[in-house]
Amino acid sequence: MRKLLADAAHTLVPPRGGRHGPLPPLLLTLTVVTGLVDAVSYLGLGEVFVANMTGNVVLLGFALAGTAGLSAPATAVSTAAFLAGAVAGGRFGGRFAGHRGRLLASAMSVQAVLVTAALVTATLADDGPAAPVRYTLIVLLGLAMGLQNAVVRRLGVPDLTTTVVTQTLTGLASDSTPNPAPHSGPASAAPGPADDSTPDGGACLRRGRRVLSVLAILLGALVGALLLRVSLTLVLGVALALLAAAALVTRRLSATDAAWVRP
């Protein structure tokens with residue numbers, strides 16, 4: 001438990017000189033945003049995901065089978081928008097390949113613009129999202145989340161995908177019992193400190209990060225569902241505030257030539 005809490009603390013407040021610098025807490029912020037946005041899309045736009053594509057593909061299958069309450073066109077549009085956003089994220093990754101800070105800051109700025117457009121669209125629809133408004137929101141949010149996924153994938157911070165927690169939960173469960181250390185002779189070197197690049201030893205030290213990742217998306221979904229009782233625009237406003245704040249912090253921190261900005 002002490003190691004888990006220590007790892008969680010290092011994820012929230014990374015030690016100076018860490019391989020990924022301030023990226024872990026910034027990606028946790030994006031994970032909260034994911035929960036907020038999927039609360040909007042699933043609960044407010046008619047049972048469709050814009051960030052969780054595993055769930056979206058399953059919903060598409062259900063919709064194609066004629067399940068009541070599900071829309072095959074909506075899930076298909078969401079998937080297409082997500083893929084388009086991922087293509088854009090790949091282009092961003094190529095353009096800012098040498099500087100992870102600028103890559104993340106630029107991507108979050110574009111996300112903020114897309115969420116702002118979604119917020120304005122939802123605000124202008126006073127009597128609720130009719131079909132054209134609904135599809136506009138799905139496209140805008142799908143583009144934002146596809147962009148986020150592609151950029152986060154390029155950043156390569158272990159256990160912080162910001163959208164998928166299936167592998168995170170699997171890692172928590174499967175790594176709960178450490179593998180026995182292989183027999184080594186007296187000439188073997190003493191092991192050094194594990195870090196994110198260690199396939200096995202480092203994974204055991206990332207349990208706190210994994211727990212935080214799951215809690216972050218849970219928190220976003222919970223807060224999103226509660227705020228949605230007030231209004232859809234309120235949830236989008238909170239998501240936008242988090243994105244804007246994270247983008248400003250990232251841009252400020254990435255102005256240096258610290259080791260973490262390099263791939």
Side-chain angles (χ1 to χ4, degrees), residues 26-60 62-63 67 69-71 73-82 85-86 107-108 111-131 133-149 152 160-166 168-169 211-247:
L26 292 169
L27 295 186
L28 283 176
T29 303
L30 288 182
T31 306
V32 174
V33 170
T34 295
L36 291 167
V37 169
D38 262 345
V40 168
S41 65
Y42 190 83
L43 300 176
L45 301 178
E47 299 182 354
V48 58
F49 289 112
V50 294
N52 181 358
M53 285 299 109
T54 301
N56 212 43
V57 171
V58 171
L59 290 177
L60 179 59
F62 293 161
T67 303
L70 298 178
S71 169
T75 50
V77 167
S78 174
T79 303
F82 181 93
M108 286 194 292
Q111 273 188 276
V113 171
L114 291 168
V115 174
T116 299
L119 177 59
V120 171
T121 301
T123 302
L124 294 177
D126 296 330
D127 54 350
V133 174
R134 177 191 181 205
Y135 279 98
T136 301
L137 293 176
I138 288 173
V139 168
L140 290 170
L141 296 176
L143 287 170
M145 300 315 296
L147 173 67
Q148 174 180 305
N149 271 261
V152 169
L160 287 174
T161 65
T162 74
T163 55
V164 180
V165 297
T166 303
T168 304
L169 290 170
V211 170
L212 288 175
S213 179
V214 174
L215 292 178
I217 200 168
L218 176 63
L219 175 64
L222 174 62
V223 172
L226 291 174
L227 294 181
L228 204 58
R229 297 177 182 177
V230 180
S231 73
L232 186 147
T233 54
L234 178 59
V235 187
L236 290 176
V238 172
L240 176 59
L242 289 175
L243 281 171

Determine whether [X] and [Y] make a side-chain contact, defined as any pair of heavy atoms from C-beta on separated by less than 4.5 Å.
X      : Y      : answer
Val32  : Ile217 : no
Gln148 : Met108 : no
Leu36  : Val238 : yes
Asn149 : Met53  : no
Leu30  : Leu243 : yes

Could you tell me which non-hydrogen atom of [X] sits nearest to which non-hydrogen atom of [Y], and how far apart they are?
X      : Y      : result
Ala246 : Thr29  : CB-CG2, 4.2 Å
Ala63  : Ser71  : CB-C, 3.8 Å
Val50  : Leu141 : CG2-CB, 4.0 Å
Ala122 : Leu232 : CB-CD2, 3.8 Å
Leu70  : Leu59  : CD1-O, 4.0 Å
Leu137 : Ala118 : CD2-O, 3.2 Å

Is Tyr135 atom OH crowded by more than 12 heavy atoms from other residues, nucleotides or ligands, each under 6.0 Å away?
-> yes
Which residue in the set [options] passes side-chain contact (heavy atoms from CB on, under 4.5 Å) when paired with [X]?
X      : options                        : answer
Leu236 : Leu119, Val120, Thr121, Leu227 : Leu119
Val48  : Leu60, Thr75, Thr79, Val77     : Thr75
Thr162 : Val33, Leu28, Thr31            : Thr31

Pairwise distance [atom1]([X]) to [atom2]([Y]) - rounded to 0.5 angstrom:
X      : Y      : atom1 : atom2 : result
Leu43  : Arg229 : CG    : CZ    : 10.0 Å
Ser213 : Leu218 : OG    : CG    : 11.0 Å
Leu140 : Gln111 : CG    : CD    : 12.5 Å
Leu212 : Leu27  : CG    : CG    : 12.5 Å

Non-neighbouring partners of Thr233 that pass side-chain hydrogen bond (donor to acceptor under 3.5 Å, both in side chains), sequence neighbours left out | Ser231
With sequence neighbours left out, which residue pairs that include part of residues 221-241 fulfil the ring-ring contact (aromatic ring centres under 6.0 Å, His included) condition?
-> none
So, Asn56 side chain and Phe49 main chain: donor-acceptor pair closer than 3.5 Å or not?
-> yes
